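Shown next, in structure tokens, is the structure this report addresses.
In what follows, every heavy atom counts, from backbone to side chain, and hydrogens, waters and symmetry copies are set aside. All chains are named by letter (A, B, ...) in the order of the sequence lines, taking the proteins before the strands, and each is independently numbered beginning at 1. These numbers come from a predicted model, not from an experiment.
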Amino acid sequence: MNKESTLLPCIAVESLTGCAGELLVILENLDKLLPFVRVASFPFAQTANDDGPVDIAFVEGSVSNPHDLEKLKKIRSKSRWLVAVGNCAVWGCVQGGACAKCKVSDMLAAVYGSDSQIEVLESKPLSDHVAVDVKLSGCPINTTQFLSVTASLLKDHLPYITHKPVCLECKLNENPCVLIEKNLPCLGPVTAAGCGALCPSMGAACYGCWGPCQDPQMDAMATILHEKGYDPIDVINRLKSFGAPDHLFQRMSFQYNQETQA
Amino acid sequence: MAQSFVFSKADFDSFFRVLQSLGEVSAPIRVSDQSFAFKQINDPREIAWDALRTILPPKKFFYPPKETLLTYKDGQIEESVSDNKFQVIFGVHPCDLHGLGIMDTIFEAGPADTHYLQKRNHSLIVGLSCMPDKFCFCQSMGTSCATRGYDLFLTDLDDDFFLQVETPAGSAVLPQLPMLRPAEDADKERYKDYWLRREKAFTNGFAPDNLRATMDMEWNNSLWDDLGKRCLSCGNCTPVCPTCYCFDLVDIASLSDDEGSRVREWDSCQFVGFAQVAGDYNFRPSPVDRLKFWYRHKLHGFDDAFASRTCVGCGRCTVSCPAGIDDLVQVVKTLQGQKEGKE
């Protein structure tokens, strides 16, 4: 470490329970960051890491066990800005979606046996446990958004992150609508943009991996998919599979809730 | 009076090559079973002659979905200027020509939008006649005949094209078009016959006379709530509209100290964040508020400001709405006829 670099803002890149997708995106872009930051801690990419305070901590993964929680609290206490990166950290992702569907203890018993000593928590996003300053979703995160968020934070600006639906990016790409033309169960209308409408641009349905957009119309989405012949239970499962929280479904019409619970 | 000519369809290839010599030519091509899009083409055989409405209207050529307006570096601001690349947009139907005309009015109004106008002034628009399908209702909006927004206009007369020249830019191309012959009386008869047939071909539409009063009176009609409940707030109705012009401005900071850019991107009044202001107040908080606002803006909102309506009857919103709630004709008919959805 040269003397000059100690003056640079410090970052930490940490991981809880996730697939390391965000870590890979950050690693791929590390050369762009290195002139501007000192990487105090990035256990995925370097062996020498320090525990000292940092300006920005990027945390991927959901809180899924007591160790995650302990680690997260420690990171929070030493970081000026805590940035949740990726769907796991922002929404809870598929492990969060699974917890919304069945009990953690049942899942643990089914996978590791009923006498398992493994300690688990119901998988939750970071903001269920600590204060999160910036939420950058993605699966994995988008490079341009990541660099732009970092640039803003380094200048003490509030980062701009779009919460508009995937449909906007899809239309701007001038894609034929797969929901209308192919009757695919596309979740573009209720999913946050940022991916560039990747799946619909390839003719596939959006499955909501970025998490919900701002004020998603879940009831209308479920109604329209149901009208296209999709089973209500499948529709709700699809809408919830990437960790969309329960409160977004409170306005759902009774029919769906009943059928889902049946 | 505008000049008119006739040329044989057999000569279309050479007509197209002349357009190509002016600049990049874009025309509707087929992109799926049901959809078309304006794309740059090199071969006239790529043109989808049966295209009635493209996914995005031709506004995208002058008002791109995403555009860098300025860049800043070391305290210096540099405003982006158009590269002045000349564009030829071929195959624009009357509704879209009216749409371009409305966009011109809006972007020319002071302070003029130079980013739009620079591109618009470096373009040639070639209009094309069309026979309506079950979604077309330009007749009801008074936009079924091309009266503005084009330089040249082609009417399909079976084996020939009838060519109308509207602007000096259009006239300037004429010397390069040896295949043209002046329209004779018989051609004019064929031309009039085409447009009479077209006038009768419309199956969709409404009586527009009381539209303004209807939109005012029916503001609290319960039909809006029924539509609002189905609305996904996906915003598909606005980018596809030939006259929706709302945008978002985003400053994109660069990692290096004093550098970045300002980008404008199409936005939609259907997104909840659109009317969100300081203090987290939102003056159009629910989908029904936003949907109703958009309908009024299209069918009545511009009467006061520009003495015109901004809907041109192209039917794009109707076919692009996944929830099926943008059937403007049905909505207007319901509001007028009070068959259902009455308070």
Side-chain angles (χ1 to χ4, degrees), chain A residues 29 32-37 144-145 147-157 159-183 186-191 193 203 213-225 227-228 251 253, chain B residues 30-39 54-57 60 64-66 227-240 248-261 263 265-268 270-274 276 282 285-287 290 316 319-325:
Chain A
N29 290 284
K32 299 186 187 88
L33 293 183
L34 280 178
F36 308 101
V37 299
T144 312
Q145 282 188 325
L147 293 174
S148 148
V149 163
T150 310
S152 298
L153 289 176
L154 290 177
K155 289 173 185 152
D156 281 342
H157 291 177
Y160 169 78
I161 300 165
T162 181
H163 297 291
K164 294 169 191 172
V166 170
C167 285
L168 179 68
E169 291 183 329
C170 197
K171 272 285 165 287
L172 267 42
N173 288 350
E174 208 163 3
N175 295 327
C177 179
V178 296
L179 183 57
I180 295 173
E181 296 195 15
K182 293 182 173 178
N183 284 318
C186 185
L187 300 187
V190 292
T191 303
C213 64
Q214 192 181 5
D215 194 28
Q217 300 304 314
M218 295 298 193
D219 196 25
M221 187 79 247
T223 305
I224 284 148
L225 292 182
E227 283 171 4
K228 288 186 183 292
R251 284 177 299 169
S253 58
Chain B
R30 185 177 282 284
V31 292
S32 76
D33 285 350
Q34 297 169 39
S35 296
F36 303 91
F38 277 105
K39 296 266 159 102
T54 48
I55 298 174
L56 295 182
K60 69 171 184 176
K66 209 172 205 173
L227 299 178
K229 272 183 204 139
R230 286 183 65 82
C231 182
L232 292 159
S233 293
C234 66
N236 279 1
C237 43
T238 61
V240 304
D248 204 354
L249 278 178
V250 185
D251 285 349
I252 298 175
S254 154
L255 280 162
S256 52
D257 258 357
D258 183 21
E259 199 178 332
S261 58
V263 174
E265 191 181 273
W266 292 0
D267 201 356
S268 172
Q270 299 308 298
F271 301 148
V272 68
F274 187 85
Q276 200 168 20
N282 199 322
S286 74
R290 303 192 284 272
R316 279 191 182 85
V319 301
S320 306
C321 177
I325 54 172

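With a 4.5 angstrom heavy-atom cutoff, B:Glu259 touches chain A only via backbone atoms. Interface remark: B:Phe274 contributes no atoms to any contact with chain A (heavy atom separation under 4.5 Å). For B:Lys60, the part lying near chain A is the side chain, with the backbone staying farther off; criterion is any non-hydrogen pair under 4.5 Å. With a threshold of 4.5 angstrom between heavy atoms, B:Pro285 approaches chain A through N, CA, C or O but not through any side-chain atom. Proximity to chain A (any heavy atom under 4.5 Å) is restricted, for B:Val240, to the side chain, taken from C-beta onward. For a residue to count as touching a neighbouring chain, one of its non-hydrogen atoms must lie under 4.5 Å from one of that chain's; by this rule B:Val31 touches chain A with backbone and side chain alike. For a residue to count as touching a neighbouring chain, one of its non-hydrogen atoms must lie under 4.5 Å from one of that chain's; by this rule B:Ser256 touches chain A with backbone and side chain alike. At a 4.5 Å heavy-atom cutoff, the contact between A:Leu172 and chain B is made by backbone and side-chain atoms alike. At a 4.5 Å heavy-atom cutoff, the contact between A:Lys171 and chain B is made by backbone and side-chain atoms alike. Contacts of A:Asn173 with chain B are absent, with no heavy-atom separation under 4.5 Å from either backbone or side chain.
There is no side-chain donor-acceptor pair under 3.5 Å between A:Gln145 and A:Ser148. B:Gln270 and B:Ser233 are not linked by any side-chain donor-acceptor pair at a separation below 3.5 angstrom, with hydrogens and angles left out of the test. When only modelled atom types and interatomic distance are considered, B:Ser268 and B:Arg290 share no side-chain donor-acceptor pair under 3.5 Å. Side-chain contact, A:Asp215 with A:Gln217: a donor N or O sits under 3.5 Å from an acceptor N or O.
Residue with the most contacts toward chain B among A:Pro216, A:Pro165, A:Cys186, A:Gly203: A:Pro165 (heavy-atom pairs, distance under 4.5 Å).
Contact annotation: the side chain of A:Lys228 approaches that of A:Leu179 to within less than 4.5 Å [non-hydrogen atoms, C-beta and beyond].
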